[in-house]
Q: 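First the structure, then my questions, so here it is.
Computed from a predicted structure; not experimentally measured.
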Amino acid sequence: MVGLKGKDKEVLSGLKTESRNPRTLDLDLMSVGELLTVMNEEDKNVIEAVKQVLPQIQETVEAVIRALNQGGRLVYAGAGTSGRLGILDAVECLPTFSTTDEVVGIIAGGEKAFVRAQEGAEDSKEEARKDLEQLHVDGRDVVVALSASGRTPYCIGALEYAREAGACCVGLSCNRPAELSAYSDIAIEVDAGPEILTGSTRLKAGTAEKMILNMISTASMVGIGKVYGNLMVDMRATNLKLVERAKRIVSMACGCTEEAAQAALSEADGGIKAAIVMILAGVTAEEAKERLEIHKGFVRKCLDGARGRT
């Protein structure tokens, strides 16, 4: 493989994520306790770094809510650890919020790269274009490209294609300033400082990305009515644990017994939202479903003027 040359080599070596952390120059001489302590202390920097980019995260969430409300999607694109984190967030939205294809994750090198590193795949802009073309990305979508370095060719290629398709382009980088930002409508540049293990961006950079993805997907789902209070009322009960959780959710939302919650869930064909509306509004399962249809799935709006807690 041909290495980087000239200016590109200089740029890479100057990135914060590639620089040496002065606190861990003797990492190999530290006791386990010392190593874990400094690692924990460095991780605290991630929280403050993410705090600094809350305005850009908010702008992203608002764009995602608009996209989802008009039939668009949230598409994550990344390579290596960043790509895996995007896929993880997308996959977890399905059981938590009953999404279908509203949140999608793609990774350089394809699905096989999730379990086995395909490091060279990140260097291809063309592969990103092909991947997004297969998803039929268009102007309704938001594409979030994740790159710890902020200069991954795969991520730049993804945003180049997304912009041509009319999608909203978000660049999430762990360096400042980031090359990726020039291709972004919204640039999230989070700087948590150099890693304790030089260049190992699965550490603080990965933690920062995971925190931000948690914020984007969760806040967006709240924004489209998939939450009531702080309860995941659009959860899909796909196993015994989640069936029990569904009963507890209805019970907590309505202040009723789990037996009453189970009865409502049975009448509502397992629909948590419908069961809650049935109990709190004193309506039938059919009426509850009609209200949810009218109010686009927002439970609280279905309860305006109804008896019970709203």
Q: So if you build clusters from Ile, Leu, Val, Met, Phe, Trp, Tyr with side-chain heavy-atom gaps below 4.5 Å, do Val50 and Leu85 land together?
A: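 Per the 4.5 Å side-chain linkage, Val50 and Leu85 are co-clustered.
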Q: Quick one: OG on Ser184 to CD on Glu189, what's the gap to the nearest 0.5 Å?
A: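 These two atoms lie 8.5 Å from each other.
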Q: Rounded to the nearest 0.5 Å, what separation is found between the CD1 atom of Ile279 and the CD atom of Glu267?
A: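 It comes to 9.0 Å.
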Q: Rounded to the nearest 0.5 Å, what's the gap from CZ on Arg140 to CG on Asn69? Could you check?
A: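 Interatomic distance, Arg140 CZ to Asn69 CG, rounded to 0.5 Å: 13.0 Å.
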Q: Please list every donor-acceptor pair under 3.5 Å in which a side-chain atom of residues 155-172 meets a protein atom from a residue at least two apart or in another chain.
A:
from, atom 1, to, atom 2, distance (Å)
Arg163, NH2, Tyr183, O, 3.4
Arg163, NH2, Asp185, OD1, 3.3
Glu164, OE1, Arg129, NH2, 2.7
Glu164, OE2, Arg129, NH1, 3.4
Glu164, OE2, Arg129, NH2, 3.4

Q: May I ask you to test the Val32-Leu36 pair for a side-chain heavy-atom distance under 4.5 Å?
A: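 Of all side-chain heavy-atom pairs linking Leu36 with Val32, at least one is under 4.5 Å.
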Q: What do you reckon, is CD of Gln70 surrounded by more than 12 foreign heavy atoms closer than 6.0 Å?
A: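 Above 12, so yes.
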Q: Measuring from atom NZ of Lys226 to atom OG of Ser98, what distance do you get when rounded to the nearest 0.5 angstrom?
A: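 Between atom NZ of Lys226 and atom OG of Ser98 there are 6.0 Å.
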Q: Using 4.0 Å as the upper bound for N to carboxylate O, is an ion pair formed by Arg23 and Glu41?
A: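 Here Glu41 pairs with Arg23 in a salt bridge, since their nearest N and O are under 4.0 Å apart.
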Q: Near Arg202 CZ, under 6.0 Å, is it more than 12 heavy atoms from other residues, nucleotides or ligands?
A: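 No, the 6.0 Å shell around CZ holds no more than 12 heavy atoms from other groups.
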Q: Mind checking side chain to side chain contact (heavy atoms under 4.5 Å, CB included) for Leu231 and listing every partner two or more places apart, or none if nothing turns up?
A: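 Partners of Leu231 under the side chain to side chain contact (heavy atoms under 4.5 Å, CB included) test: Val233, Ile249, Met252, Ala253.
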Q: With sequence neighbours excluded, what pairs up with Lys301 under the side chain to side chain contact (heavy atoms under 4.5 Å, CB included) test?
A: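 Checked Lys301 against side chain to side chain contact (heavy atoms under 4.5 Å, CB included); matches are His295, Phe298.
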Q: Around Leu29, counting heavy atoms of other residues, nucleotides and ligands shown, do more than 12 lie under 6.0 Å from its CG?
A: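 Yes, CG of Leu29 has more than 12 neighbouring heavy atoms, counting only those of other groups under 6.0 Å.
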Q: Do the side chains of Lys289 and Glu286 get close enough for a salt bridge, i.e. N-O under 4.0 angstrom?
A: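 The answer is no: the pair does not qualify as a salt bridge.
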Q: Mind running salt bridge (charged side-chain N to carboxylate O under 4.0 Å, His left out) on Lys247 and Glu244 for me, showing each step along the way?
A: CA-CA 5 Å; Lys247 284 193 291 186; Glu244 289 301 311; 3.2 Å; yes
Q: Going by atom types alone, do Gln52 and Glu48 pair a side-chain donor with an acceptor below 3.5 Å?
A: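 A donor-acceptor contact under 3.5 Å links the two side chains.
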Q: Under 4.5 Å between side-chain heavy atoms, counting indirect links through other Ile/Leu/Val/Met/Phe/Trp/Tyr residues: same cluster for Val299 and Val227 or not?
A: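 Not linked; separate clusters.
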Q: Under a 3.5 Å cutoff, is there a donor and acceptor pairing between the side chains of Asp89 and Tyr76?
A: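 Looking only at side-chain atoms, Tyr76 and Asp89 do form a donor-acceptor pair, the distance falling under 3.5 Å.
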Q: When you check the gap from the basic side-chain N to the acidic O, do Arg73 and Asp101 get nearer than 4.0 Å?
A: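 Looking at Asp101 together with Arg73, the answer is no, because their closest N to O distance does not fall below 4.0 Å.
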Q: Could you tell me the separation between the CZ atom of Arg20 and the CG atom of Leu197, rounded to the nearest 0.5 Å?
A: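 Those atoms lie 10.5 Å apart.
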Q: Find the distance between CG (Leu213) and CG (Leu146) and round it off to the nearest 0.5 Å.
A: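 Rounded to the nearest 0.5 Å, the CG-CG separation comes to 5.0 Å.
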Q: Which heavy-atom pair separates Gly193 from Asp191 by the least distance, and what is that distance?
A: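 For Gly193 and Asp191, the tightest heavy-atom pair comes out as N-OD1, 2.9 Å.
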